[in-house]
Enquirer: 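One structure coming up, written as structure tokens, with questions to follow.
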Amino acid sequence: MLQPRIPVNPLPTGKPIPLTHPAPTPAASVEPTTPAPAPVVPARTTVQLTLGSALALAAGGGAVVLVVGAVLVSMLLAVAITGISVAVIAVVLRLLVRDMQKGR
């Protein structure tokens, strides 16, 4: 009932091909079977942090924060330096064009 109705036309002849529905197949006899037992899933163990592992985890997190911060600051610095250099170049070009128009 909710199947897409897309006509199949391998050769575009301009003639519409009528949609055909496949004939329903007779239902096969199904023998009732007993369901298989569910697999046994082992219980999850809890993770216990010792003082040393907690300190190592905190130090690792701090190192990650410092590295990401350094990368972001360096990217911001690169953008700022590029912007300043483009502004200086624009001022120099403007002065050169003005001098060329004055005929110097």
Side-chain angles (χ1 to χ4, degrees):
M1 181 174 120
L2 298 176
Q3 294 177 353
R5 303 178 72 190
I6 301 172
V8 178
N9 191 1
L11 298 174
T13 59
K15 297 179 184 177
I17 298 176
L19 293 174
T20 59
H21 296 288
T25 58
S29 62
V30 178
E31 297 178 9
T33 59
T34 57
V40 177
V41 179
R44 292 186 179 183
T45 59
T46 58
V47 177
Q48 296 179 354
L49 292 176
T50 62
L51 181 60
S53 62
L55 287 176
L57 188 63
V64 167
V65 167
L66 288 176
V67 169
V68 170
V71 168
L72 291 178
V73 166
S74 64
M75 289 172 60
L76 179 65
L77 202 64
V79 169
I81 291 171
T82 304
I84 290 171
S85 64
V86 167
V88 168
I89 290 171
V91 169
V92 170
L93 286 176
R94 183 178 173 202
L95 290 174
L96 288 174
V97 168
R98 187 185 312 174
D99 285 344
M100 285 176 50
Q101 288 177 348
K102 287 184 178 180
R104 291 183 183 178

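Just so you know, these numbers use all the heavy atoms, side chains as well, and skip hydrogens, waters and symmetry mates.
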Enquirer: To the nearest 0.5 Å, what is the distance between CG on Leu77 and CG on Leu72?
Expert: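 CG of Leu72 is found 12.5 Å from CG of Leu77.
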
Enquirer: How about Leu93 and Ile89: do any of their side-chain heavy atoms sit closer than 4.5 Å?
Expert: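 Contact flag for Leu93/Ile89 side chains = yes.
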
Enquirer: Do you know which two heavy atoms are closest between Ser74 and Val71, and how far apart they sit?
Expert: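 Smallest interatomic distance, heavy atoms only, reads OG-O, 2.7 Å.
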
